[in-house]
Each structure stands twice: as structure tokens, then as C-alpha cells.
Amino acid sequence: MTSASDLRDLTIAEARDELAAGNVSARELTEAHLAAIEVARDLNVFITETPDRALADADASDARRAAGEALGPLDGIPLAIKDLFCTDGVQTTAASHILEGFVPPYESTVTENLRNAGTVMLGKTNLDEFAMGSSNETSYFGKVENPWQREGDNRPLVPGGSSGGSASAVSGRLCLGATGTDTGGSIRQPAAFCGIVGMKPTYGRCSRWGIVAFASSLDQAGPMTRTVRDAAILLGGMAGFDPKDSTSAEMVAPDFEARLEGGVRGLRIGIPAEYAVDGMNPEIAALWDRGKAWLTDAGAELVDISLPHTKYALPAYYIIAPAEASSNLARYDGVRYGHREDGEDLTSLYEETRASGFGQEVRRRILIGTYALSSGYYDAYYLKAQKVRALIARDFHNAFEDCDVILTPTTPGAAFAMGEKSDDPIAMYLNDVLTVPASLAGLPAISVPGGLSSEGLPLGLHLIGKAFDEQTLFRAAQALEYAAGFDSRPHRG
Amino acid sequence: MAVDIETVVRVARLARLTVPEGDLETLAGELSNIIGWIEQLDEVDTDGVEPLASVADIKLRWRADEVTDGGIPDKVTSNAPDPQNGMFSVPKVVE
């Protein structure tokens, strides 16, 4: 355990053991990552770096350990925090001009939990503005670059979104793990694009309190890591009941790591017919087939299932999420915090502040949401979408009578080049076609690296579990990870 | 349904967003495309289906009706664009 790059290659589980054995200090771990962050600034992963805070966190951790008071598996682990989590005294922007300079006087519950677990905060990661995007190209603070490149082609690729900075940071060895948030795929899709593990827990498992709201009935925080075990450990530090979030599930989070090694013998893996869409990228179809074979080789049983309303999940999502967003984002009015444009009167102050403070995609979604909620259209669009959502949730409920977890690909393709899809909103939305259904149903889901495309880019396999059965989901993901044996590295990091 | 320029203007006003005149036509086209794509939902038979607003199978919890916070005007206004005497400020609303 000598070189700094070795320290950055540790998993969270390994770092935990090395810290416990006294082979490495939290300060050494932290300094190695801070140095790497400086070198990788051109990837634009962080909106705000917090090196002083990180070193103070690390020293406090080392002091606890020296006194025999180490807090648990995450004590001293350097993390990156998506800049959608409010952090007391540290700028929180949601990657929007309208929140530039906003310094919360309070801490989100998830980051508070992580602080109480002894973690080290390296900085706040870049994202799509207000988490609205699938490529991290809509950030006011600039695009994030994926540490991966196509073979023989050095054009910069997107890391996916919206948690693109967190995904790039984990993939590029700039942190041991990161927090993300997922509304329609914002953890899982960037995890797939960057060759890492990304997990969205059951809706209600992690508190939403202090997370800048996008679509409240869908938003959920989750871990982004390099292994399934690390995701289980990190989720353990994030999850838990919180009376401050009215939709927080009133139950104790289990030890997510405890049953990881249980294997999948006898587990029933649902294969939804509707996900095999015409024109599916043959590489993705082949990846899916490999995933099925890996799980059956490990003793699982494949079950054909039907999720008949799958095709309507994405259009339903693009009514529900913008409708909730248009309501949530009404608070950004230039009066109480954030950016302000002066106007002649109060209405023009609102209108000018919001016009200059929000970026193009956010404005577009606010307008769609406002339209869908407006008088005369509410029933036709919003209520209709909510009914379709009910049918999608029912589909999953029925399918889980016959299976324990569901296997699909995570994305329709690998990471694309910057600018390749930014002119066509619907083409961009289609990135989430495979992840959105589980979001609408509030189910836990995880993306695990499954191999490389012919262009040398990572592809993800996606597992969906029953509500509040993250343990079975992690167990299946662990089996998939062992079988895939994914050990490829990005070009950077 | 195609979204025309007039509708964009109306919705933008509801959302308190100024849309520059020059952007109206483009925006109307974009929104029409998106809404047109969303209208495939009309193919789904939803007769008798209860709309699902939230998957959280949770009853709203009761809590004691008591003050748990307060007395921190400096914190509350610490991010305000133009705080004055511990208050938020806006342009004159009433003559």
C-alpha cells in the first residue's frame, strides 16, 4: 500500500479493511484523491471542490480511529457528493445559474447520515441542470467528460446524466464512491455509460429532505460505486427513516451487505418480452443474452414475463416529471434566495429572473409541465399519465408473482459523443426508455457493468427488484458481477 | 394537439417565464413534437383505472403541532438577493 494510484484503486470494502488494519490513514486516502482531482480538472467533474473540508474530515476520522472510536464501515472513506444535495456551508447549485452562490444553512438528511458515518466529502459533483438530462450537457457549469473513449477515437463522450459528474468521478478514480439521485434513470444510465455500479433504492428508502426537488414522487438518492458490495455498504450509510420527509419509509434499513454472497441458486429471473423492442441494438441484445446465461449458469431460473405497458412508460414520465417539476421549481422566483434580475414590478422580476436563471431544457420542461397541468389539459395529459402509471405499477406487481428479480439492459446503447443528441429532445429522452418503468413503479434497480461494446465502451445490465427487497437485488447483482468479471479501465483514471 | 404560439405565450405567462419573441416559433414546434409523441398514451385503455400519484404506500403521519424552529432571521435571509432589516425585499407592490 504505497503509491497514491493504488490507494485510488481500492474499493470501499478494501479501504475499510486497510483503515481498520492501520495500513492506511484517512488523510493518505484523501490526499491521494485530492491530487487526482486537480490533475483531472479538464473532465469538469466537480462544480465545487472542498479540499479543506476533506482534509478536516479525514483528520477527524483518523483521530477517532486512534482513540478507538471509529464509527463503522464508512469512517474515513472519501466520497463525492452530487451537487443536488444541500450541504451546510457549502455552495449547492443543482448545476443551475438560478442557484449559483446559494449556500444552504442546513444539511440534507442523506449527507448528514454520511457525515455521521464518518465519511470525507471531497466536493460537489456536476450534473444536468436540476437533474434534467441524460448526458450532463445541460449544466450551467459546463459539460462533464466521460473518462472512457472509443477505441481509436479521442472525441470526448458524455458520461450520461443526470448524475454524470458522480459517475465520471467514480469511474476516473477521483473518489471511492459517490452519491447520485435518480428520477427516471439518473443514477443507472450514467453508471452504465461510465462502467460502474449505480443503484436506485426503493422509493422511500432514502430521505428526500434537503435534496433539491425535481419530481418529488420519483426522486430517490442512491449510491454510485465500482463494485456491488460497495454500493451495498454506501447505501447502508445513506438510507433510513426520516420524519422530515413525509414519504420516507418508516422501517429500519437492513444490513444490505449481509446476504450479498447468497448466490442465485433457485432465484427466478424475470425476462420481460416487451423490452426486446424491434431495432434493439444487436450489441445490447447480445449483452442481455450473456446476462441471462451468467445467471442461469449460477443456478438461477429464467422466467418469461410480460410488462404490457412498458412502451407507454416514457411518454407518461414526460408528463408526470415535468408537471411535478413545474410545481417544484415555482419556488425559484428571485426573492428569497438565488439569482435575481431586477424588474419594473414584481411580475417582471419573477419572469426575467426565471428566464435568465433557468437553462433551455429546464425552461422547456417547465413549459411542458405547466401546459399539462393547465386548465382544460389537466385530465387529458396529467390524469391520463397518472392512470398509465398505475397500469405500469400493476404490470410489475403481477410479474413479481412469478419472479424474484427482473433482468434487462440498462441503456439502448453505449455513451455517445458530446453534441450528438443535444438537438433532439426526444432522442435524448429515449436514453431512459429501459430505466423509467421501474422509476414510475418506485422499485429498486441497479446497473452493473456487463462488458464492452465493439467500440470499447462499457455497457450495463439492469436488475429490478421488489419494493424494499434490496437484499435480493444486491444478491443477484453480486452474482452478475462475479460472472461478468468486468475489469476494464477507462482511458483516464 | 399542435401547440401554437398563442398557447406558448399563455403557458409561459402561467409559468412566469419570459420567452423572447424570436424563440416563440421554435418553442411551439418543439413542444408540439413532444406533446404529439406523448399523445400515444391515448392508445391505452384507462377506463376505471385510479390515477397513481405516489407509489409510497404510506399514510401521512401525525405530529405534535408545536414550534420546532425559529428565531433565525439571519439564517433565513442569508441567501436573499436583497435582504433588508432581516426581511426579503421586492419591488413596490402597492402604491
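All of these numbers come straight from a predicted model, not from anything done at the bench.
- Under the 30°/60° scheme for interplanar angles, the aromatic rings of A/Tyr381 and A/Tyr371 are found to be tilted.
- Residue contact with chain B, scored on non-hydrogen atoms closer than 4.5 Å, involves the side chain of A/Ile426 exclusively.
- The residue among B/Gln40, B/Lys75, B/Arg16 with the most heavy atom pairs within less than 4.5 Å of chain A is B/Arg16.
- Among the candidates A/Ile320, A/Thr347, A/Leu314, the residue making the largest number of heavy-atom pairs closer than 4.5 Å to chain B is A/Leu314.
- Here the closest heavy-atom approach between residue A/Ala213 and residue A/Ser216 is recorded as CB-OG, 4.1 Å.
- Contact annotation for A/Leu349: only side-chain heavy atoms (C-beta onward) come within less than 4.5 Å of a heavy atom of chain B.
- With A/Gln220 contributing its side chain and A/Cys206 its backbone, the two residues share a donor-acceptor pair below 3.5 Å.
- Pairing each heavy atom of A/Ile211 with each of A/Ala221, the nearest pair is CD1-CB, 3.9 Å.
- Counting heavy-atom pairs closer than 4.5 Å to chain B, the top residue among A/Leu391, A/Ile366, A/Asp424 is A/Leu391.
- Annotation: maximal heavy-atom pairing with chain B below 4.5 Å, among A/Arg336, A/Arg394, A/Glu344, occurs at A/Arg336.
- Neither the backbone nor the side chain of B/Asp23 comes within contact range of chain A; no heavy atoms are under 4.5 Å apart.
- When heavy atoms are compared at a cutoff of 4.5 Å, B/Thr77 does not approach chain A at all.
- Of the two parts of A/Ala393, only the side chain, counted from C-beta on, holds a non-hydrogen atom closer than 4.5 Å to a non-hydrogen atom of chain B.
- Residues A/Asn431 and A/Ser134 have side chains that never bring a donor and an acceptor to within less than 3.5 angstrom of each other.
- Taking both residues in full, the closest heavy atoms of B/Asn79 and A/Pro105 are given as ND2-CD, 4.2 Å, listed atom of the first, atom of the second, then distance.
- Heavy-atom distances place both the backbone and the side chain of A/Tyr350 under 4.5 Å from chain B.
- Of all heavy-atom pairs spanning A/Asp395 and A/Pro308, the tightest one is OD2-N, 3.3 Å.
- A/Phe358 touches chain B through its side chain: at least one heavy atom from C-beta onward sits under 4.5 Å away, while N, CA, C and O do not.
- For a residue to count as touching a neighbouring chain, one of its non-hydrogen atoms must lie under 4.5 Å from one of that chain's; by this rule B/Ser89 touches chain A with backbone and side chain alike.
- For A/Ile392, no part sits under 4.5 Å from any heavy atom of chain B, backbone or side chain.
- Interface remark: B/Val44 contributes backbone and side-chain atoms alike to the contact with chain A (heavy atom separation under 4.5 Å).
- Ranked by non-hydrogen atom pairs under 4.5 Å with chain A, the options B/Ala12, B/Pro81, B/Ala80 are led by B/Pro81.
- Proximity to chain A (any heavy atom under 4.5 Å) is shown, for B/Leu17, by both the backbone and the side chain.
- Looking at A/Tyr106, neither its backbone nor its side chain comes within 4.5 Å of chain B, counting heavy atoms on both sides.
- At least one donor-acceptor pair closer than 3.5 Å links the side chain of A/Arg354 to the backbone N or O of A/Leu329.
- Contact annotation for A/Ala385: both backbone and side-chain heavy atoms come within less than 4.5 Å of a heavy atom of chain B.
- For the set A/Tyr382, A/Tyr429, A/Tyr337, the entry with the most heavy-atom pairs within less than 4.5 Å of chain B is A/Tyr337.
- Across B/Val76, B/Leu14, B/Val11, B/Leu41, the residue that shares the most heavy-atom pairs under 4.5 angstrom with chain A is B/Leu41.
- Most heavy-atom pairs under 4.5 Å with chain A, from the set B/Arg63, B/Glu43, B/Glu50: that is B/Glu43.
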* Check the pair A/Ser439, A/Lys200 against side chain to side chain contact (heavy atoms under 4.5 Å, CB included), reporting the backbone distance first and the verdict last. => CA-CA 9 Å; A/Ser439 296; A/Lys200 181 195 90 74; 4.2 Å; yes
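- Of all heavy-atom pairs spanning B/Arg61 and A/Asp245, the tightest one is NH2-O, 2.8 Å.
- Between B/Glu6 and B/Arg10 there is no salt bridge, since no side-chain nitrogen of the basic residue lies less than 4.0 Å from a carboxylate oxygen of the acidic one.
- For the residue pair A/Glu341/A/Ser356, the side-chain donor-acceptor check at 3.5 Å is satisfied.
- The heavy-atom pair separating A/Thr138 from A/Glu361 by the smallest distance is CG2-CB, 4.0 Å.
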